Structures are given as structure tokens and as C-alpha cells.
Amino acid sequence: MASPLGEKIKHLRNEKGLSLEQLAQMTDSSKSYLWELENREQANPSLEKINRLAVALDVTAEFLVSSPEPTPDNKVADEAFFRKYQLLPDPEKKKLRKILDAWEDE
């Protein structure tokens with residue numbers, strides 16, 4: 001029986017159309033490690049792995065480890081988006097701000 005964390009990882013991975021191998025590459029993990037996280041009852045990944053999984057799956061680490069819901073709500077999606085935004089180089093941030101400004105002008 002899978003842990004709640006494992007069920008979330010598997011659900012989100014499938015929702016994004018990612019194979020175990022693809023997610024493993026994105027998170028610097030092995031395919032077998034991710035399979036164990038998804039399918040074993042006792043999942044105990046490091047904080048670093050949780051964070052990498054959260055980034056790859058477009059959710060927050062808090063959602064993965066504590067939310068009872070299998071899919072993220074809008075707040076989680078917004079937080080994940082903002083985290084990605086913060087990692088962008090300044091020229092890319094400027095482009096996104098221009099797009100948002102153009103939307104506001106309509």
C-alpha cells in the first residue's frame with residue numbers, strides 16, 4: 001500500500017504525462033527510488049528530494065507532505081508559479097511583467 005505522499009507523486013506525475021524515468025531525470029533521482037516512493041507504505045525522502053519533486057510537479061513541498069487533497073488548489077498552483085518566477089533571470093521577469101501590464105491595459 002502506498003503512502004499518501006506516494007499517491008500524490010504518482011497522481012501528479014501521471015497528470016503531467018511523465019514517466020518514472022522522466023521524473024527521475026528532472027529530480028536527479030533513480031527510477032527505482034521514485035517507484036519505491038510511489039508504491040511503498042513507508043516513504044521517507046529527504047527535504048531536498050521533496051523540494052525537487054515539488055518543483056518538477058509544479059506544487060509546493062508543503063502540499064506534498066501535508067495536504068490531504070490529492071490535487072493542488074489554486075493557492076498551491078500560484079505559490080509554485082511564483083517560485084518558478086523567482087528563479088527566472090531578470091530579462092525573463094521583465095517580459096512576464098510586460099505581458100501582465102498589457103493584460104491590465106485591456
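What you see below is based on every heavy atom in this structure, not just the backbone, and it leaves out hydrogens, waters and symmetry mates. Predicted model only: the values in this text are computed from it and were never measured.
When all heavy atoms are compared, the tightest approach of Lys93 to Tyr85 is CE-O, 3.1 Å. Annotation for Ala54 and Ala61: closest pair CB-N, 3.5 Å, computed over non-hydrogen atoms. Annotation for Gln22 and Gly17: closest pair OE1-O, 3.7 Å, computed over non-hydrogen atoms. Of all heavy-atom pairs spanning Val59 and Pro72, the tightest one is CG1-CG, 3.7 Å. Counting all heavy atoms, side chain and backbone alike, Arg13 lies closest to Glu38 at NE-OE2, 2.6 Å. Shortest non-hydrogen contact noted between Ser30 and Ala24 is C-CB, 3.8 Å.
Linking ILVMFWY residues whenever their side-chain heavy atoms come closer than 4.5 Å, directly or via other members, leaves Phe82 and Leu57 in distinct clusters. No continuous path of ILVMFWY side-chain contacts below 4.5 Å connects Leu88 to Phe81, so the two sit in separate hydrophobic clusters.
Pro45 is listed as a side-chain neighbour of Tyr33, based on a closest heavy-atom distance under 4.5 Å. By the 4.5 Å heavy-atom criterion applied to side chains, Lys16 and Asp58 are counted as neighbours. For the pair Leu5 and Ile50, the minimum side-chain heavy-atom distance is below 4.5 Å. Using a 4.5 Å heavy-atom threshold, the side chains of Leu18 and Leu12 count as separate. You'll find the side chain of Leu64 stays beyond 4.5 Å of the side chain of Thr60, heavy atoms only. Between Val55 and Leu87, the closest side-chain pair of non-hydrogen atoms is not below 4.5 Å.
Residues passing the salt bridge (Lys or Arg N to Asp or Glu O under 4.0 Å) test with Glu48 are Arg52, sequence neighbours excluded. Taking Lys94 as the reference, nothing meets the salt bridge (Lys or Arg N to Asp or Glu O under 4.0 Å) condition, with sequence neighbours excluded. Here Lys31 pairs with nothing under the salt bridge (Lys or Arg N to Asp or Glu O under 4.0 Å) rule; sequence neighbours left out.
Note on Lys10 versus Glu7: no salt bridge recorded, every NZ/NE/NH1/NH2 to OD/OE distance being 4.0 Å or above.
For the residue pair Ser29/Lys49, the side-chain donor-acceptor check at 3.5 Å is satisfied.
The number of heavy-atom neighbours closer than 6.0 Å to CG of Asn44, taken from other residues, nucleotides and ligands shown, is 12 or below.
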> Step by step, would you call Arg83 with Glu79 a salt bridge (Lys or Arg N to Asp or Glu O under 4.0 Å)?
Replying inline: CA-CA 6 Å; Arg83 179 184 56 227; Glu79 289 173 7; over 6 Å; no
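Counting only distance, with no hydrogens or angles, the side chain of Lys8 and the backbone of Phe63 share a donor-acceptor pair below 3.5 Å.
To the nearest 0.5 angstrom, Ile9 atom CD1 is 12.0 Å from Asn14 atom CG.
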